[in-house]
Amino acid sequence: MDSRKNKLATRFLALLLLTMIQAACSVSYKFNGASIDYTKTKTITIADFPIRSNYVWGPMQTIFNNELKDIFANHTRLSQVKRNGDLKIEGEITQYSQRNKSVSSEGYSAQTELSMTVNVRFTNNKKHDEDFEKQFTSTTSYESTQSLNSVQEALVTQMVKEIVDQIFNATVANW
């Protein structure tokens with residue numbers, strides 16, 4: 001009977017030890033990407049980005065500004081303020097263009113590439129060595145048999161999401 005109790009106790013201790021080792025060796029990741037010291041940084045000012053491109057699609061500005069503000073609202077605990085934020089993001093949409101990407105065997109355009117570039121000025125009023133001015137670009141392609149009007153909203157929304165993710169990662173994610 002004692003040997004049976006010893007085996008049971010030994011198994012229990014081994015299982016307990018294995019569980020403790022596994023818990024001690026686990027790694028945790030935050031997939032929202034934000035690495036902000038909320039004891040020092042509490043607010044963010046995000047200015048509306050005007051369009052300074054020669055080629056313009058009107059709704060692009062609203063889509064971009066809303067998406068940029070939404071990512072910080074949804075993935076950080078920063079309060080958005082109109083001015084004097086601990087972090088400040090401002091800039092402009094500097095380029096929106098399309099060009100032929102590939103040519104068919106008949107000599108006609110087969111694919112068209114749509115491109116968008118945004119210039120960003122980031123100021124960290126708590127840590128000025130992180131300040132920068134940088135351009136972020138996204139491109140996407142569509143079949144030339146499609147009209148730009150029929151695909152423009154979906155493609156611009158996709159490019160805006162990519163650029164906003166790049167801006168988020170460059171400003172608060174430290175990736």
Side-chain angles (χ1 to χ4, degrees), residues 27-102 111-144 146-175:
V27 177
S28 68
Y29 296 97
K30 288 193 314 186
F31 288 104
N32 70 6
S35 57
I36 300 166
D37 181 355
Y38 290 107
T39 61
K40 296 177 184 172
T41 307
K42 298 180 184 332
T43 60
I44 187 167
T45 300
I46 303 173
D48 282 340
F49 282 53
I51 299 176
R52 300 275 190 253
S53 172
N54 292 333
Y55 183 65
V56 174
W57 181 61
M60 178 173 56
Q61 180 177 352
T62 303
I63 292 169
F64 177 82
N65 288 319
N66 289 340
E67 186 71 26
L68 184 62
K69 291 173 184 174
D70 286 351
I71 196 169
F72 284 90
N74 294 332
H75 296 290
T76 71
R77 291 185 283 152
L78 296 171
S79 297
Q80 292 187 24
V81 296
K82 292 212 179 277
R83 59 180 86 70
N84 301 324
D86 297 329
L87 303 178
K88 182 178 180 183
I89 299 175
E90 58 188 342
E92 50 279 329
I93 300 167
T94 58
Q95 184 261 331
Y96 179 62
S97 63
Q98 61 178 340
R99 66 176 182 87
N100 292 333
K101 183 176 180 183
S102 63
Q111 278 197 325
T112 303
E113 182 177 81
L114 197 59
S115 176
M116 180 178 174
T117 301
V118 177
N119 187 59
V120 175
R121 289 176 298 283
F122 173 69
T123 306
N124 184 337
N125 288 314
K126 299 295 180 181
K127 204 172 179 184
H128 282 288
D129 62 324
E130 293 182 356
D131 295 357
F132 66 79
E133 182 167 359
K134 194 177 200 178
Q135 291 192 344
F136 298 91
T137 300
S138 178
T139 60
T140 189
S141 299
Y142 64 97
E143 297 298 317
S144 295
Q146 299 174 301
S147 73
L148 178 59
N149 286 338
S150 68
V151 296
Q152 188 164 224
E153 184 174 357
L155 297 179
V156 166
T157 301
Q158 175 189 335
M159 289 187 302
V160 163
K161 173 132 181 48
E162 289 174 11
I163 290 172
V164 164
D165 285 345
Q166 292 173 31
I167 294 168
F168 183 83
N169 288 337
T171 55
V172 298
N174 294 329
W175 283 51

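We number each residue from 1, following the sequence as shown. Atom set for the values below is all heavy atoms of this structure, side chains included, hydrogens, waters and symmetry mates excluded.
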Participant: Minimum heavy-atom separation for Glu67 to Val160, with atom names?
Facilitator: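 Answer, listing the atom of Glu67 first, then Val160: CB-CG1, 3.7 Å.
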Participant: Are Arg121 and Glu92 close enough that some pair of their side-chain heavy atoms sits under 4.5 Å apart?
Facilitator: yes
Participant: Please report the interatomic distance CG(Asp165) to CD1(Ile71), rounded to the nearest 0.5 Å.
Facilitator: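 That separation rounds to 4.5 Å.
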Participant: Run the numbers on Thr137 and Thr117 for side-chain hydrogen bond (donor to acceptor under 3.5 Å, both in side chains), then give the verdict.
Facilitator: CA-CA 4 Å; Thr137 300; Thr117 301; 3.0 Å; yes
Participant: Is the shortest heavy-atom distance from the side chain of Trp57 to the side chain of Ile63 under 4.5 Å?
Facilitator: yes
Participant: Calculate, to the nearest 0.5 Å, the distance between atoms CZ and OG1 belonging to Arg83 and Thr45 respectively.
Facilitator: 9.0 Å
Participant: Given 3.5 Å as the limit, does a donor-acceptor pair link the side chain of Asn125 with the main chain of Gly85, or not?
Facilitator: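 Side chain of Asn125 to backbone of Gly85: a pair is present.
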Participant: Determine, for Glu143 against Lys101, whether the closest basic-nitrogen to carboxylate-oxygen distance falls under 4.0 angstrom.
Facilitator: no
Participant: Please report the interatomic distance OG1(Thr94) to CG(Asn54), rounded to the nearest 0.5 Å.
Facilitator: 10.5 Å
Participant: Working to the nearest 0.5 angstrom, can you tell me the gap between Ile46 CD1 and Ile89 CD1?
Facilitator: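 Separation between the atoms: 5.0 Å.
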Participant: Rounded to the nearest 0.5 Å, what separation is found between the OG1 atom of Thr123 and the CG atom of Asp131?
Facilitator: 4.5 Å
Participant: Any side-chain heavy atom of Ile167 within less than 4.5 Å of one from Leu68?
Facilitator: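 The answer is yes; the side chains approach within 4.5 Å.
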Participant: Is atom CD of Glu133 surrounded by more than 12 heavy atoms (other residues, nucleotides or ligands) closer than 6.0 Å?
Facilitator: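 More than 12 heavy atoms, drawn from other residues, nucleotides or ligands, come within 6.0 Å of this atom.
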Participant: Counting only N and O atoms by type, is there a donor-acceptor contact under 3.5 Å from the side chain of Tyr142 to the main-chain atoms of Val151?
Facilitator: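 Side chain of Tyr142 to backbone of Val151, a donor-acceptor pair under 3.5 Å: no, none is there.
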Participant: Taking side chain as C-beta onward, heavy atoms only, is Asn100 less than 4.5 Å from Thr112?
Facilitator: yes
Participant: Does any non-hydrogen side-chain atom of Thr76 lie less than 4.5 Å from one of Phe168?
Facilitator: yes
Participant: Which heavy atom of Ser53 sits nearest to which heavy atom of Tyr96, and what is that distance?
Facilitator: OG-N, 3.0 Å
Participant: Kindly indicate whether the side chain of Met116, heavy atoms from C-beta on, has any atom under 4.5 Å from the side chain of Met60.
Facilitator: yes
Participant: Please give me the minimum heavy-atom distance between Ile163 and Ser138, naming the atom from each residue.
Facilitator: CG1-CB, 3.7 Å
Participant: Taking all non-hydrogen atoms of both residues, which atom of Lys126 and which atom of Lys40 are closest, and how far apart?
Facilitator: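 In terms of heavy atoms, the two residues are closest at CE-O, 3.2 Å.
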Participant: For the atom pair CG (Leu87) and NZ (Lys42), what is the distance rounded to the nearest 0.5 Å?
Facilitator: 12.0 Å
Participant: Do you know the tightest heavy-atom contact between Gly91 and Pro50?
Facilitator: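 So the two residues come closest at O-CD, 3.3 Å.
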Participant: Of all heavy-atom pairs between Asp48 and Lys69, which one has the smallest distance, and what is that distance?
Facilitator: OD1-NZ, 2.7 Å
Participant: Is there a side-chain contact between Asn149 and Gln152, using heavy atoms and a 4.5 Å cut-off?
Facilitator: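 Touching, per the 4.5 Å side-chain cut-off.
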Participant: Just jot down the ring-ring contact (aromatic ring centres under 6.0 Å, His included) partners of Phe49, sequence neighbours excluded, or say none.
Facilitator: Phe64
Participant: Is there side-chain contact between Gln98 and Tyr55, with at least one heavy-atom pair below 4.5 Å?
Facilitator: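 Touching, per the 4.5 Å side-chain cut-off.
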Participant: For the pair Thr43 (side chain) and Ser79 (backbone), establish whether a donor and an acceptor sit closer than 3.5 Å, ignoring hydrogens and angles.
Facilitator: no
Participant: Other residues, nucleotides and ligands only: do more than 12 of their heavy atoms fall within 6.0 Å of CG on Asn84?
Facilitator: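 No, the 6.0 Å shell around CG holds no more than 12 heavy atoms from other groups.
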Participant: Can you list everything that forms a side-chain contact (heavy atoms from CB on, under 4.5 Å) with Val56? Sequence neighbours excluded, please.
Facilitator: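 Ile51.
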Participant: So Leu78 and Asp86, side chain to side chain contact (heavy atoms under 4.5 Å, CB included) or not? Walk me through it.
Facilitator: CA-CA 9 Å; Leu78 296 171; Asp86 297 329; 6.0 Å; no
Participant: Do Ser97 and Ser115 have side-chain N/O donor and acceptor atoms under 3.5 Å apart?
Facilitator: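 The answer is no; no qualifying pair exists.
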